[in-house]
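Take a look at the structure set out below.
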Amino acid sequence: MKEAKMEKTYNPKDVEDRIYKMWEKGGYFAPKINTKKKPFTIILPPPNANAPLHLGHAMYTVEDTLIRWHRMLGDPTLWLPGADHAGFETQVVYEKELSKEGKSRFDYDRETLYQNIWDFVQKNKSTMENQLKRLGYSLDFSREKFTLDPDIVKTTYKTFKRLYDDGLLYRDARLVNYCTKHGTGFSDLEVEHEERDGFLYYIEFPVKGEESLIIATARPETIPGDIGVAVHPKDKRYKKYIGKIATNPVNGSSLPIVADGFVKMDFGTGVVKLTSAHDENDFDVCKKHKLPLIQVIGFDGKLTKEAGQFEGLKVLPAREKVLSYLKEKGLFKKEEPYKHAVSLCYKCGTILEPLPLPQWYIRMNDTKKSLSKVAVEKVKNGEIKIVPKRFEKVILRWLTNIKDWNISRQIVWGMRIPAWECKDCGSWVVTDGEAPVKCKCGSSNLVQDSDTFDTWFSSGQWPFSTLGYPNHPDYKYFYPTSVMETAYEIIFFWVARMIMLGVYVTGKIPFEIVYLHGLVRDPKGQKMSKSKNNVVDPMDLLDKYGADGVRMGLVMGNPAGSDQSLQEPKFIAARNFANKLWNIGRFILGKVEEFGDEAILNERADPKALKKEDQEILKKKIRLVNDASKSLKKFRLSDSLEAVYQFVWHEFADKYIESVKDRKDYEVFIPVLLEVYKDCIKLLHPFIPFVTEEIWEKVFVNEKTPLIVSLWPDRQD
RNA sequence: GGGUCUGUAGCUCAGUUGGUUAGAGCGUCUCGUUGACAUCGAGAAGGUCAUAGGUUCGAGUCCUAUCAGACCCACCA
């Protein structure tokens with residue numbers, strides 16, 4: 001009893017590390033597989049292994065709360081940690097590091113660059129692990145995974161090959177959203193759109209044997225790459241032009257005039273120039289009318305030799321030069337202000353150029369067994385539930401309008417695509433990772449695609465690849481997982497793709513519930529970003545308020561799916577609450593000491609001796625257990641925590657404990673104190689694990705097992 | 001162009017299927033307490049729940065419109 005003395009205030013720093021090590025040593029994070037019980041599983045959204053954790057990652061607290069709750073319910077509970085190599089993101093971060101040393105990625109060959117990034121990532125990975133531990137997360141690190149672990153890579157490759165064999169994967173030279181600064185293409189999702197003020201330029205295109213056509217364009221610099229002109233088939237104004245030949249006003253080339261329904265008669269002059277290689281609509285139309293591709297903008301962002309006299313100019317200077325050339329020739333008619341959306345690189349804001357580049361695409365929406373259709377079904381029929389519900393509409397909308405997914409990236413960092421091109425017959429050999437010996441044409445002149453996967457292609461398979469699909473006992477037992485908890489920001493990037501790939505590969509849903517949390521913003525409600533210099537390091541908060549304070553401060557008053565702005569008073573209140581809770585323990589031990597009867601710690605009160613206030617508080621406690629549990633079942637974590645908070649502070653402490661101070665019948669009220677206190681400690685443990693575990697050790701000295709594996713109040717015998 | 005969300009006490013926000021005097025934290029004011037806790041207690045002030053209609057016996061909660069703000073999606077030259 002003496003060595004269990006409690007300090008006057010709860011000091012997280014003296015406690016957290018020791019308690020966490022005790023949990024780890026006891027092996028409590030690792031579930032015991034019991035086929036008679038339904039497991040509870042969460043796969044941690046793998047943080048990007050290119051930087052320390054940010055405050056948003058502390059929202060993983062929601063997961064730890066659910067995990068600890070289920071562990072206390074007696075479910076075999078697995079929370080599997082991991083880290084994401086985060087292909088493009090990490091390469092960008094690493095290149096920034098390089099530029100600080102005055103270097104760039106071009107100073108290294110592929111292998112060296114890869115190895116350097118690998119080392120960089122390993123360092124970050126171990127920092128992150130320690131940070132996750134400091135937050136108290138009861139992750140089973142014995143099962144930790146990294147997206148570039150050999151078994152994960154193998155699984156990802158197998159999926160790639162299967163998609164290919166099933167006809168759901170193809171290689172095509174379409175126009176890709178290409179960032180000339182980063183030197184890679186993106187999927188549609190990574191493209192940012194922004195309204196910009198620009199001009200619509202009206203240019204005269206001479207036509208043999210007819211009056212000239214006037215064409216409105218926002219991109220005169222692409223005129224050297226024009227390959228045709230289009231009008232609407234029903235447009236009376238231009239009927240007579242169809243089939244005739246217009247002249248390219250810049251280089252005099254011949255431009256067939258075709259009719260196509262895609263032309264908007266009421267836009268501009270109702271005549272469109274066709275730039276096969278730099279506009280998606282035009283690209284499609286040209287394909288239909290068998291007009292060839294002329295690339296006038298290169299992958300370096302400069303005009304190609306196809307642009308003739310404009311070769312070597314960047315896009316905007318080229319625009320000026322072309323316009324002044326046209327003005328000289330008298331073919332420039334007018335310009336008018338024009339607001340339109342431009343596509344930007346989400347990383348650097350560079351205007352993306354649609355450029356023709358062969359990429360691997362996953363077919364999404366155009367076949368019976370399309371990935372998206374199956375995913376839509378699983379959400380619609382309720383097999384997968386989304387919390388909060390409003391995001392169901394969001395994800396369904398996206399899934400039903402989805403386009404084919406470009407998974408090729410022209411970067412080094414990531415999983416190299418297991419596809420080889422035969423340099424003799426031009427066909428491709430796709431494998432599940434092994435280098436092929438020969439092409440079907442017999443040639444062994446095979447060269448591997450230099451591209452890597454979109455990082456989301458591998459993380460999209462995370463729920464089953466981490467569990468060892470298809471044969472590992474973990475996969476067989478823990479899949480489908482129970483909950484996927486993540487930020488609503490990545491619902492398309494990640495959640496939707498996990499559903500599609502999970503169902504496609506395993507035939508089962510990857511998770512039953514999707515719980516989405518919101519952003520953690522700065523105190524003014526601004527998004528945190530390095531450029532705004534308003535980033536709060538979660539580790540600083542940890543030092544100030546303890547892990548419990550940070551966890552509680554983030555969860556309290558924050559319902560699923562809503563953003564919150566960081567409020568220090570919330571963390572202060574949470575820290576104070578931990579201290580209040582702690583002091584209730586001190587009070588009880590003080591009473592035990594006062595009456596000098598330690599045996600009372602093991603005894604129950606005689607029901608007949610209970611006073612009215614004893615019965616009252618016991619009754620209220622039962623109701624509390626009920627309410628708190630119900631809220632957790634509905635994923636209303638904040639409600640659960642708040643109910644306990646109110647009860648502990650304003651019922652138990654302010655009223656009952658005050659009422660007990662003058663009483664002498666300690667053999668009655670001390671057992672009551674202990675009974676109520678114990679259940680409160682349990683109800684709070686999922687939220688604030690450290691202080692509760694420490695109290696458990698100090699006050700409930702006769703308990704056989706640590707609090708982390710004790711039974712939830714309503715599960716007691 | 002389409003869609004979603006938000007607007008509740010001075011501040012930051014809860015408020016699940018509509019139901020008695022609308023809640024919390026912080027802040028403010030008064031008083032108390034230094035033997036559980038000053039990271040404390042007792043009490044108080046403070047809200048036409050954005051606005052205008054509607055449904056209902058009854059609406060912060062449902063419907064419509066308006067205003068203000070945030071965000072997401074989108075190939076219209």
Side-chain angles (χ1 to χ4, degrees), chain A residues 6-11 175 177 188-189 191-193 195 198 200-201 215-220 222 226 229-230 262-264 266-275 278-285 338 340-341 343 354 388-391 393-394 397-398 401 403 488-489 491-492 518-519 521 523-527 545-546 549 552-553 556-591 593-594 630-631 634-636 638-639 641-643 645-646 649-650 653-655 657-658 660-661 673:
Chain A
M6 296 170 82
E7 298 296 322
K8 193 168 171 182
T9 53
Y10 169 66
N11 189 353
L175 297 191
N177 315 297
D188 297 316
L189 255 187
V191 178
E192 246 168 44
H193 302 273
E195 282 265 298
L200 206 50
Y201 306 96
I215 296 181
T217 177
R219 302 205 60 184
T222 61
D226 285 353
V229 167
F262 100 98
V263 180
K264 307 268 184 301
D266 54 359
F267 187 92
T269 56
V271 189
V272 191
K273 69 188 200 63
L274 297 172
T275 313
H278 304 292
D279 180 280
E280 261 188 78
N281 283 319
D282 296 5
F283 178 84
D284 292 341
V285 173
Y338 177 55
H340 64 137
S343 301
K389 204 167 162 31
R390 67 182 134 95
F391 283 101
K393 268 181 282 178
V394 176
R397 243 176 97 84
W398 187 76
N401 295 315
K403 295 196 296 179
Y488 69 74
E489 271 188 307
I491 187 167
F492 305 139
L519 264 57
R521 299 167 174 276
K524 289 176 197 151
Q526 301 285 309
K527 204 166 166 175
Y545 306 108
M552 183 165 163
M556 271 265 261
N558 180 240
S562 346
D563 295 352
Q564 62 177 319
S565 48
L566 200 70
Q567 297 301 321
E568 297 258 344
K570 265 174 81 180
F571 296 103
I572 294 168
R575 183 252 271 142
N576 293 356
F577 178 67
N579 191 58
K580 185 78 183 179
L581 197 65
W582 175 260
N583 269 286
I584 292 171
R586 272 189 91 210
F587 174 81
I588 296 173
L589 291 186
K591 280 292 168 192
E593 202 174 340
E594 183 185 332
K630 229 192 271 173
S631 292
K634 291 192 282 189
F635 294 92
R636 302 179 66 88
S638 176
D639 285 1
L641 175 54
E642 210 169 320
Y645 176 95
Q646 288 303 321
W649 204 311
H650 301 301
D654 288 351
K655 298 207 178 90
I657 288 179
E658 288 303 320
V660 127
K661 281 184 173 169
L673 280 171

request  = Could you check Ile657(A) against Val272(A) and say which one's nearest nucleotide on RNA chain B is further toward the 5' end?
outcome  =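 So the residue in question is Ile657(A).
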inquiry  = On RNA chain B, compare the nucleotides closest to His193(A) and Val271(A); which residue's is nearer the 5' end?
reply    =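 Upstream on the strand: His193(A).
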Which nucleotide in the set [options] lies at the smallest distance from any side-chain heavy atom of [X]?
X: Asn579(A); options: A14(B), C37(B), A70(B); value: C37(B)
X: Ser565(A); options: C76(B), G41(B), U12(B); value: U12(B)
X: Ala573(A); options: G3(B), U39(B), G25(B); value: G25(B)
X: Ser562(A); options: A14(B), A36(B), G41(B); value: A14(B)
X: Phe587(A); options: A42(B), C73(B), A36(B); value: A36(B)
X: Tyr645(A); options: C40(B), G25(B), A14(B); value: G25(B)
X: Arg390(A); options: U4(B), G25(B), A36(B); value: U4(B)
X: Asn281(A); options: C73(B), C75(B), G41(B); value: C75(B)
X: Lys634(A); options: A14(B), C75(B), U16(B); value: U16(B)
X: Lys403(A); options: C75(B), C71(B), C40(B); value: C75(B)

request  = Report, as yes or no, whether the 6.0 Å neighbourhood of atom CD on Glu7(A) holds more than 12 heavy atoms from other residues, nucleotides or ligands.
outcome  =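 Open: at most 12 neighbouring heavy atoms sit under 6.0 Å from CD of Glu7(A).
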[atom1] gap between [N] and [M], integer Å:
N: C11(B); M: G54(B); atom1: P; result: 31 Å
N: A44(B); M: U61(B); atom1: C1'; result: 29 Å
N: G25(B); M: U20(B); atom1: C1'; result: 26 Å
N: A36(B); M: G23(B); atom1: P; result: 32 Å
N: G53(B); M: G10(B); atom1: P; result: 24 Å
N: A45(B); M: U8(B); atom1: P; result: 22 Å
N: C26(B); M: U34(B); atom1: C1'; result: 25 Å
N: C63(B); M: G18(B); atom1: P; result: 11 Å

Using a cut-off of 4.0 Å on non-hydrogen atoms, how would the nucleic acid contact of [X] be classed: base, sugar-phosphate, or nothing?
X: Asp284(A); value: nothing
X: Ala653(A); value: base
X: Tyr488(A); value: nothing
X: Lys273(A); value: nothing
X: His278(A); value: nothing
X: Gln567(A); value: sugar-phosphate
X: Gly268(A); value: nothing
X: Lys570(A); value: nothing
X: Pro523(A); value: nothing

Could a donor-acceptor pair under 3.5 angstrom be found where the side chain of [X] meets the base of [N]?
X: Lys580(A); N: C37(B); value: yes
X: Lys591(A); N: A36(B); value: no
X: Glu658(A); N: A36(B); value: yes

Nearest-angstrom distance from the residue atom [atom1] of [X] to [atom2] of [N]:
X: Met552(A); N: A24(B); atom1: CE; atom2: P; value: 15 Å
X: Asp563(A); N: A70(B); atom1: CG; atom2: P; value: 13 Å
X: Gln646(A); N: G23(B); atom1: CD; atom2: P; value: 12 Å
X: Met6(A); N: A36(B); atom1: CE; atom2: P; value: 14 Å
X: Tyr10(A); N: U39(B); atom1: OH; atom2: P; value: 17 Å
X: Asp639(A); N: U17(B); atom1: CG; atom2: P; value: 12 Å
X: Gln564(A); N: C13(B); atom1: CD; atom2: C1'; value: 10 Å
X: Glu568(A); N: C11(B); atom1: CD; atom2: P; value: 19 Å

task = Could you pull out all residues at least two apart from Tyr201(A) that satisfy ring-ring contact (aromatic ring centres under 6.0 Å, His included)?
result = none
query = What pairs with Phe391(A) under ring-ring contact (aromatic ring centres under 6.0 Å, His included), at least two apart in sequence or on another chain?
reply = Tyr488(A)
remark   = Output row for RNA chain B, stems defined as at least 3 consecutive Watson-Crick or G-U pairs under 3.5 Å, is B:1-7 with B:67-73, B:10-13 with B:23-26, B:28-32 with B:40-44, B:50-54 with B:62-66
Side-chain heavy-atom pair [X], [Y] within 4.5 angstrom cut-off:
X: Ser343(A); Y: Glu192(A); value: no
X: Arg521(A); Y: Lys527(A); value: yes
X: Leu673(A); Y: Phe587(A); value: yes
X: His340(A); Y: Leu200(A); value: no

To the nearest 0.5 angstrom, please state how far the [atom1] atom of [X] sits from the [atom2] atom of [Y].
X: Asn576(A); Y: Thr9(A); atom1: CG; atom2: OG1; result: 11.0 Å
X: Leu175(A); Y: Asp282(A); atom1: CG; atom2: CG; result: 9.0 Å
X: Asn401(A); Y: Arg397(A); atom1: CG; atom2: CZ; result: 6.5 Å

inquiry  = Check the phosphate of U39(B) against Asn583(A), side-chain N and O only, distance under 4.0 Å to OP1 or OP2. Yes or no?
reply    = no
query = With respect to the phosphate group of G15(B), does any side-chain polar atom (N or O) of Arg636(A) fall under 4.0 Å of OP1 or OP2?
reply =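 It does, given that an N or O in the side chain of Arg636(A) lies less than 4.0 Å from OP1 or OP2 of G15(B).
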Plane angle bin for Phe492(A) and Trp398(A) - parallel if under 30°, tilted between 30 and 60°, otherwise perpendicular =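 Answer is parallel, since the angle falls under 30°.
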